[in-house]
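For reference, the structure discussed in these notes is given below.
All values below come from the heavy atoms of this structure, side chains included, with hydrogens, waters and symmetry mates left out. Lettering of chains follows the sequences in order, A, B, ..., and the numbering in each one begins at 1.
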Amino acid sequence: MSEAKQTYDPAAIEPKWQQFWREHDVFRARNPGDPDFDPRQPKYYALDMFPYPSAAGLHVGHPEGYTATDIVSRWKRAKGCNVLHPMGWDAFGLPAEQYAIQTNTHPAETTAANIATFRRQLQRLGFSYDWNREISTADPQYFRWTQWIWKRLYERGLAYESNAPVWWCEALGTVLANDEVVNGRSERGDHPCERRPLRQWVLKITDYAERLLADLDGLDWSESLKTMQREWIGKSEGAEVDFAVDGPAAAKVRVFTTRPDTLFGASFLVLSPEHPLVAAITTPAQRAAVEAYQKAAAAKSELERTDLAKTKTGVATGAFARNPLFAADDARGRIPIWIADYVIVTYGTGAIMAVPAGDERDFAFARTFGLPIPGIFAPATGAAERDADIAAGRACCTDEVPYAAHCRTADGSLALAGRSLADAKRATIAWLVQRGCGEAKVTYKLRDWLFSRQRYWGEPFPVLHTQDGVELVPDAQLPVTLPRMADFKPGGTPESPLIRAKEWVATKDTKGRPAQREINTMPGAAGSSWYFLRFCDPHNEREFCSRAASDYWLPVDLYVGGTEHAVGHLLYSRFWTKVLHDDGRVGTVEPFGKLYNQGMIQAFAYEDGRGAVVPMANVKEDGDDAVHAATGEKLKRIVTKMSKRYGNVINPDDVVNEYGADTLRLYEMYMGPLADSKPWNPKDVPGVFRFLQRSWRLVVPEFAEKGAVHEWLRQDRPDDPALEKALHRTIHKVDGDIERMAFNTAIAAMMIFVNEATKAMDRLSRSQLLRFAQLLQPFAPHLAEELWQRLGGRGLLARAAWPQVDAVLLVDDEVELAVQVLGKVRARVTVPADADQATVLAAARQAAASWLDGKTVVKEIVVPKKLVNFVVK
RNA sequence: GCGGGGAUGGCGGAACGGCAGACGCAGCGGCCUUAAAAGCCGCAGGCCGGCAACGGCCGUGAGGGUUCGAGUCCCUCUCCCCGCACCA
């Protein structure tokens, strides 16, 4: 056979190994009870946030996190773990449906096509997923169990129908959950949204607020993400206080406050314009003004209402309330009741006691309307002017400072002077409780989860509306599938398009009487709230997931995805897990032990002099600069999101076609720390390709028979000591770097090894290259498997054990020390690694002799194996 | 405004309080080649001096501090990114 040129050709080796792995089911995870299950192996569950299969296909951002979990999965397998590494599709929901509407194709078809594209794209990248466990949330065999879990929520009193105001988005034709609306606009599509009272299904996530908050502490998540969830849950502790309304209405206004200790300074009440009591208490003289204000507030957008920069607005109702701390004849206790849009109807009780001396907002409001600002503090900070202002109510103080002596009731039953903030709060609450006009209260910002949508492409609720009210579809009749509809567009009314499927809607209840199916569908986040459970037992036809399977696999050991799901998906999944736990269905209370947020992959773009981005099609390279193709204007390079508009979107398929999947994987890991956002630089990609090519060259001669290796690698021989040492260092470094998810430095370490090995190529041994292939395997699995096979490695590399490190080889016999004089490096010495301090100092003195000449050494610092520092005078 | 993260060569980025700039890109020089590409071997923070080997000084957003020693720790400030934003 003639000697052909043997080049590194990913297009030839990658599909071959992908096919081989799949045909031999190499990455199948074994459940307890399966044949070949080995109970001695530790389990490891590595999970990616599964994608929405959008029509645009895979984005380069997807493989970033997926490569990271794949590296960890392959490494854990090599370390002897039973690894669960699954992939599936978040296939229901708005994006799929919007695309279906745009293309006038049924969402079932577009979704199937998109999934096929995503699957093909992912499979080209050589991820070690157990494809036997692939799931789609839009598959009836999957959403059957989504419906089943929803029934358990209903039975536990956690799902209810509500008519409260919800976010309605006209453009999307559906209502949206709080986390899907940002500043009064839809997160998806940026359409305006408004509050409307509509009948909706709601999940009582607020019942779990305290546990969702408390259990965050034990999780291995980034502090910033935990903080986001804490703030979203928004716990605040305080009190509710009743204020009797003076006059004919004889009503009581209940307010929530976190500062009951400042009740002595409450000089007016503020109700939100929507507060139900407003109409009843408003005096005839104020009615016109109040109603006008209410109308104006209702017409304002959410953005206008929450604009912090604007001055406070409000109107007096004409009514007065009694501050419970003051006697009936005490003028200080008679305080006016106002309405203002800075008080939010949905938080607390929708009413506040205003304490201008202790709250910036109340202070600003009092100033605007000339309301009294009674001082309640007696600060003694030494800043005399400010102290006096605070005492007199000319300035507002939110810090903990001493209370004024007049913070006491007439009978002395409550006196705050001398008490700490915490103590004063306690004492005030106790006083209120004793008199039946208040109680301690914890409030959360977290709202119940709006769980229905007026869209076609979602899970139908297993609910019938009968003459007796709501009836659930029996478990045995699940799944309730969607009717096939030619026209599935939203109707522009707050009713789902399912209302037009008349034959589907009209059905019979369990007693055979006419009933209507629920026409709302579940939100996109329904299916994704439990998919990590289904992966544990995806083919179970009797249960959503067997207890044995979830007990074995959960919690997820490593969950990787973007921060965009910080308060939506991650909170909902935690909630459902806790409910299923309380129902005895899963053992764990938290689904995700360790969570890692990858950064965003950005791109370069070019700006002209006006700061406008010039599409890439109009950008021309001119030496080191970029210029406008038409005008020749010099352009400035910036880093932005990839965007179709800028023409700087990188398609993973193109990268694979040009360089191969191993290069794509390696480049994405080499760009920088996984958690950081960083720009894609097309010029850097060939760098990692070259590294793979050099790795190939260590094994395969340039001209040889097909499949041949260098002649010196055809049989075993003793390891070259220097290369062996370098290899052990590399193994040690790569091992530690994978552990801490520092993939960029792991790759750099392998590059260093390959550079050294290339210079001494003919001294390499087969054993050394087999071990190097093992190291490379998690990162560039195809090339590594190919090299392993050519070198005659035993069995499959994907199943081979991780190479051992000999600690002895990690230490040098001799070390080079820096010799510093006054902290500046002046010389270097090489000494035996085990040299004692005196020897080291003697050598260092000699080396730095010219710098020490004529000086007195006052201190000698020796850092073993690093440096010597002489402090001289 | 509040909370979190960040700022290191021309670019992406490395650096348990211990030799700043590993590794890669771009750049420069050499080898190979008729030539080019590829590949291989080198050089490469800035400034100053020297034919050169080399030597000196300055350098991690700005300013202070702690320390024998600071990119790393502390304080003040500037700018950038992310989240929250009248939540009582």
Side-chain angles (χ1 to χ4, degrees), chain A residues 7 182-183 222-232 234-236 238 255-259 262 270 272 305-310 312 340-344 346-355 358-362 364-365 443-446 563-564 566-567 597 599-600 602 604 624 637 639 666-667 670-673 675-688 690-691 693-694 697 702 742 744-752 754-755 758-759 761 816-828 858-872:
Chain A
T7 50
V182 180
N183 289 330
S222 71
E223 269 316 308
S224 68
L225 201 82
K226 288 203 239 181
T227 302
M228 276 192 230
Q229 288 220 348
R230 286 192 190 105
E231 286 177 354
W232 187 260
K235 178 181 184 177
S236 47
V255 305
F256 172 71
T257 178
T258 55
R259 293 291 302 271
T262 63
V270 186
S272 79
R305 274 192 66 159
T306 56
D307 182 5
L308 280 169
K310 77 173 171 97
K312 294 273 185 289
D341 66 2
Y342 81 94
V343 176
I344 296 164
T346 50
Y347 185 74
T349 62
I352 61 155
M353 62 178 212
V355 183
D359 183 284
E360 301 281 1
R361 296 153 302 184
D362 300 343
F365 192 84
T443 297
Y444 299 89
K445 282 191 218 170
L446 183 69
T563 359
E564 64 271 20
V567 292
N597 292 118
M600 215 195 320
Q602 302 159 306
F604 294 130
D624 285 348
R637 191 168 90 174
V639 172
L666 208 66
Y667 173 63
Y670 188 64
M671 290 170 78
D676 290 1
S677 290
K678 55 246 159 189
W680 181 281
N681 186 350
K683 289 194 171 163
D684 285 341
V685 179
V688 292
R690 277 199 282 271
F691 159 69
Q693 194 167 251
R694 285 158 71 87
R697 221 19 105 215
E702 195 168 355
N744 54 333
T745 50
I747 294 165
M750 288 189 282
M751 287 175 168
I752 293 170
V754 168
N755 289 347
T758 299
K759 285 173 216 166
M761 204 190 284
E816 192 187 61
L817 303 184
V819 181
Q820 297 183 335
V821 178
L822 286 172
K824 292 194 185 220
V825 181
R826 297 301 184 185
R828 294 161 200 291
V858 294
K859 198 167 178 183
E860 294 160 332
I861 288 126
V862 179
V863 182
K865 295 178 190 176
K866 295 276 184 193
L867 57 74
V868 176
N869 189 11
F870 293 108
V871 185
V872 298

Separation of the [atom1] atoms in [N] and [M], to the nearest angstrom:
N	M	atom1	value
B/U33	B/C40	C1'	13 Å
B/C16	B/A26	C1'	33 Å
B/G45	B/C31	C1'	28 Å
B/C77	B/C82	P	23 Å
B/A88	B/G69	P	48 Å
B/A70	B/G18	C1'	10 Å
B/G65	B/G13	P	32 Å
B/G12	B/U8	P	7 Å

Classify [X] by what it touches in the nucleic acid, base, sugar-phosphate, or nothing, heavy-atom distance under 4.0 Å.
X	answer
A/T346	nothing
A/V343	base
A/E702	nothing
A/I752	sugar-phosphate

Does [X] put a side-chain nitrogen or oxygen below 4.0 Å from OP1 or OP2 of [N]?
X	N	value
A/S236	B/A88	yes
A/R690	B/A26	yes
A/R826	B/G55	no
A/K824	B/C58	yes

Measure from [atom1] on [X] to [atom2] on [N] and round the result to the nearest Å.
X	N	atom1	atom2	result
A/E231	B/C86	CD	P	13 Å
A/I352	B/A88	CD1	C1'	5 Å
A/Q602	B/C80	CD	P	16 Å
A/F365	B/C86	CZ	P	16 Å
A/L867	B/A70	CG	P	12 Å
A/I747	B/G24	CD1	P	12 Å
A/Y342	B/C86	OH	C1'	8 Å
A/Q693	B/G24	CD	C1'	15 Å

Pairwise side-chain contact, [X] with [Y], heavy-atom cut-off 4.5 Å (strictly under):
X	Y	value
A/V754	A/R697	no
A/V825	A/R828	yes
A/S272	A/I344	no
A/Y667	A/N681	yes
A/V872	A/K859	no
A/Y670	A/M751	yes
A/F870	A/V858	no
A/N597	A/L225	yes

The side chain of [X] lies closest to which of these nucleotides: [options]?
X	options	value
A/R828	B/A88, B/C19, B/C40	B/C19
A/R694	B/C40, B/C19, B/G39	B/C40
A/T758	B/C86, B/C40, B/C19	B/C40
A/T227	B/C40, B/G3, B/C86	B/G3
A/M751	B/C58, B/C23, B/A88	B/C23

Syn/anti state for B/G27 [syn: chi within 90° of 0]: anti

In terms of side-chain heavy atoms, does A/S236 have a donor or acceptor partner in A/Y347 at a distance below 3.5 Å? yes

Can you tell me if A/D362 and A/Y342 form a side-chain donor-acceptor pair at under 3.5 Å? yes

Comparing A/M228 and A/T257 on RNA chain B - which has the more 5′ nearest nucleotide: A/M228

Comparing A/W232 and A/G350 on RNA chain B - which has the more 5′ nearest nucleotide: A/W232

Do A/F604 and A/W680 have ring centroids that are under 6.0 Å from one another? no

Backbone N/O of A/D676 and side chain of A/K678: donor-acceptor pair under 3.5 Å: yes

Between A/E223 and A/R230, is there a salt bridge with N-O shorter than 4.0 Å? yes

Heavy-atom pair with the smallest gap, counting every atom of A/V871 and A/I861: CG2-CD1, 4.2 Å

Under-3.5 Å donor-acceptor pair between A/K759 side chain and B/C40 base: no

Between A/V355 and A/M353, does the side-chain contact (heavy atoms from CB on, under 4.5 Å) criterion hold? Intermediate values first, please. CA-CA 6 Å; A/V355 183; A/M353 62 178 212; 3.9 Å; yes

Encode nucleotides 5-17 of chain B as B, S and - characters from 5' to 3', where the letter depends on protein heavy atoms closer than 4.0 Å: B to the base, S only to sugar-phosphate, - to neither. ------SBSSS--

Scoring nucleotides 63-68 of chain B by protein non-hydrogen atoms under 4.0 Å (B base, S sugar-phosphate only, - none) yields -----B

For RNA chain B, stems built from three or more consecutive Watson-Crick or G-U wobble pairs below 3.5 Å: B:1-7 with B:78-84, B:10-12 with B:23-25, B:27-31 with B:39-43, B:45-49 with B:54-58, B:61-65 with B:73-77

